[in-house]
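Here is the structure we will look at.
Lettering of chains follows the sequences in order, A, B, ..., and the numbering in each one begins at 1. Keep in mind that this is a model prediction, so the values were computed, not measured.
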There are 4 protein chains.
Amino acid sequence: MPVSTSKRDHIIHSALTLFAERGFDATTIPMIAKDANVGAGTIYRYFENKEVLVNTLFQHYVALFTDTLEKDYPQERSIREQFHHLFQGMVRFTNEQEHALYFIKTHNAAYFLDETSRESFERLLMILHNFIDEGKKKKQIRDLPSKALIAIIFGGFLELFQRIRAGEIEESGELLTGVEESCWDAVRHH
Amino acid sequence: MPVSTSKRDHIIHSALTLFAERGFDATTIPMIAKDANVGAGTIYRYFENKEVLVNTLFQHYVALFTDTLEKDYPQERSIREQFHHLFQGMVRFTNEQEHALYFIKTHNAAYFLDETSRESFERLLMILHNFIDEGKKKKQIRDLPSKALIAIIFGGFLELFQRIRAGEIEESGELLTGVEESCWDAVRHH
Amino acid sequence: MPVSTSKRDHIIHSALTLFAERGFDATTIPMIAKDANVGAGTIYRYFENKEVLVNTLFQHYVALFTDTLEKDYPQERSIREQFHHLFQGMVRFTNEQEHALYFIKTHNAAYFLDETSRESFERLLMILHNFIDEGKKKKQIRDLPSKALIAIIFGGFLELFQRIRAGEIEESGELLTGVEESCWDAVRHH
Amino acid sequence: MPVSTSKRDHIIHSALTLFAERGFDATTIPMIAKDANVGAGTIYRYFENKEVLVNTLFQHYVALFTDTLEKDYPQERSIREQFHHLFQGMVRFTNEQEHALYFIKTHNAAYFLDETSRESFERLLMILHNFIDEGKKKKQIRDLPSKALIAIIFGGFLELFQRIRAGEIEESGELLTGVEESCWDAVRHH
DNA sequence: AATGAATGAGAATTCATTCAT
DNA sequence: CATGAATGAATTCTCATTCAT
């Protein structure tokens, strides 16, 4: 554990892990405190309350994910290349932030998310939306509702990585290439 | 139908709805009791405690879903027809048991599920597994780990129906045909 | 302890005593629960939270006190007789509700009182106000601001009874007659 | 004046104001620190803990009040003149130490006061006691228990000044003259 | 000396569960 | 059987106090 890692970072990291593993409601403040090696009261020095904590966390990781997808986005390249970029971004994000994507997956419709959190998630979906829409305009993506296509690839991808994380499937370059092809076939125009 | 069975059914139905809408931990016994129009104590006549309730529920609906998929399974028909049967089963189940599939989706990895529940879920996945394996043997399904393919179509499908249920996407025959084709393209051998 | 005394009554009685003895902020819910011989959670079946409890209590006892003062009020008799009625009412209320008047005294300006509580206290003061105003009109009460006169006799009276309650002064008919005369001399026109 | 004394004074002043406005239990150490413009830890350099702080404060202001009443006490003059001196002292003290008298009023029976604080308060009352006793001996004060008479004028006076401080009554020379006359009439022999 | 971040004991409140009716 | 009042363990959150800087 590097010296520079602040208590706030420890708290965020522990909260992310526990929320991903047990869910918001089943995670108690003492659990987070113990895992982060801080006093329970310390958490309240950094976050007004548990809901603020989960919203801060959600927005933080959604923004990180959004950044990952937007970074070096090949706007001028082919749809297929854009798809590859997005897929690679998901893979990279999952590997860099072990629990973040699963946390986002399991909490994006939760009752305790505030307006800002919902908006940040919308912005994330917007990236996929724009990609889908452009692909449909170019007749390279199926003519199905964009939200349906997003649901299929996003849902499929998240489920897959949950299984990988759970150790049920072994991650490999070959697997990822195959899965990317599979997802692409799900959305591309035939 | 004896009165007592009816009460039990009310409890199961209310619990399913609330667990699907709010999640297990955010749903209280008094909430379920009120929705089911019974006294809180009555729930304990039918279920030993809240965990037994959620496990019973989980096993019940997973079994129902399993039955739906297995009923009239066209073992002797083509892989594509088998896929159609499974897809239709998912659609039918979703329409018949409004909250059941979403409940299963959001709770299948929960910390409070017991061995029996996990096994029942495994049996459900086994149906998909067998289908995938047979398809792979016949070179009609992609050569990817079965679990990966299951994750992709199951995850994608569940996410899609969650969006439909949320009113974000309108269900129609056309949509379903398109989505089925999309999912099939994701898994079929190219 | 009579069988008819409900748990709610026990809670009210214990809360009144403790609030009067220690003040609202220094009284904990477990203290009240223990004194009332109920579980801490039971208090929340009857009162939404601690603030609702103290406001309910305040309004209840202010209303009781108001009733005591208004009952058989000799509107048609002399100002002196009206004063006697009010004084007797205070004495009677103090004796019947050991801690109520002291609780009212120490909490009537508290930050946690809601609008209704403040209004109920205003209505109580209004009785004294009306008496003072009529007396001033008849030139039988000093020409000082009514609020000042109320403060003097109310403040003086409450302080006196606090000392009696504390056992520092012994209550007797003679004492009360003397004190009444003293208070009357403080407000009557000379 | 050394800097440290100044800090201590700031703390005392802020604590007095807050204790008077919100009460001891509803006032937190960080609140006092913020109001006094010092760090929370600094308070503990001057006062061992919160109870020591409030007791120090109490004794300090009771002593100040006592001094005000004793200063130039006209022992050789008439009872009426002695009464005037005391009354004037109360008025002066109230004007000089805005919150002190109210703080004393609301905290003099508190559960957290130590022996020394109680004794200092007793000494304050002793001044009034001696006055009353001498007046009774000279047949110029009513023949009522001294404690009762003290309660009446002290209680009445404090209540009055609380109302003035709250802005409900406007202070004026005329008012004070009238009130003094009223209080005197309450205690003098008739 | 001064600070304020950190702490954990203790407060208010919730809720699964029990049990007398 | 059915109920819901009652409970207390567990949860969120606060704040007096400590201590490294």
For DNA chain E, list all stems, counting runs of three or more consecutive pairs where every pair is Watson-Crick or G-U wobble with both distances under 3.5 Å. E:2-21 with F:2-21

Tell me: CD1 of I32(C) to C1' of dA11(E), nearest whole Å? 12 Å

Send over the distance from I43(B) CD1 to dT3(F) C1', rounded to a whole Å. 12 Å

Side chains of S6(D) and D9(D) only: does a donor on one sit below 3.5 Å from an acceptor on the other? no

Is it the case that over 12 heavy atoms from other parts of the model lie below 6.0 angstrom from the NE2 atom of H13(B)? no

For atom CZ of R8(B) and atom P of dC1(F), their distance in whole Å: 13 Å

Does the pair H107(A) and F103(A) meet the rule for a ring pair (Phe, Tyr, Trp, His ring centres under 6.0 Å), with working shown? CA-CA 6 Å; H107(A) 292 77; F103(A) 164 68; 4.7 Å; yes

Tell me: CG of L53(D) to P of dT17(F), nearest whole Å? 10 Å

Mind checking the OG1-CZ spacing from T116(A) to F58(A)? Nearest 0.5 Å is all I need. 11.5 Å

Could you state the atom-to-atom distance from CG of L18(D) to P of dA16(F) in whole Å? 12 Å

So does R45(B) reach the base of dA2(F) with its side chain, donor to acceptor, closer than 3.5 Å? yes

Please confirm whether R8(A) makes a cation-pi placement over Y46(A), using NZ or CZ under 6.0 Å from the six-membered ring centre and within 45° of the ring normal. no

Below 4.0 Å: OP1/OP2 of dT3(E) and any side-chain N or O of K7(D): yes

Could you walk me through whether F121(C) and I104(C) pass the side-chain contact (heavy atoms from CB on, under 4.5 Å) test, one step at a time? CA-CA 9 Å; F121(C) 188 65; I104(C) 292 170; 3.9 Å; yes

If you look at every strand shown and take non-hydrogen atoms under 4.0 Å, does F47(C) touch a base, only sugar-phosphate, or nothing? nothing

Report the distance from atom CD1 of I12(D) to atom OG1 of T17(D), rounding to the nearest 0.5 Å. 11.5 Å

As an exercise, state the distance from CG of L18(A) to NZ of K34(A), rounded to the nearest 0.5 Å. 11.0 Å

Between G39(C) and N37(B), which residue's closest nucleotide on DNA chain F lies nearer the 5′ terminus? N37(B)

Inter-residue atom distance R45(B).CZ - K7(B).NZ, 0.5 Å rounding: 11.5 Å

note: Y46(B), atom OH; dT3(F), atom C1'; distance rounded to Å ~ 12 Å

Using nucleotides 12-15 of chain F, report all nitrogen or oxygen pairs with the protein that are shorter than 3.5 Å.
residue, atom, partner, partner atom, Å
dT12(F), OP1, K50(A), NZ, 2.8
dT12(F), OP2, I29(A), N, 3.1
dC13(F), OP2, Y44(A), OH, 2.9
dC13(F), OP2, K50(A), N, 3.0

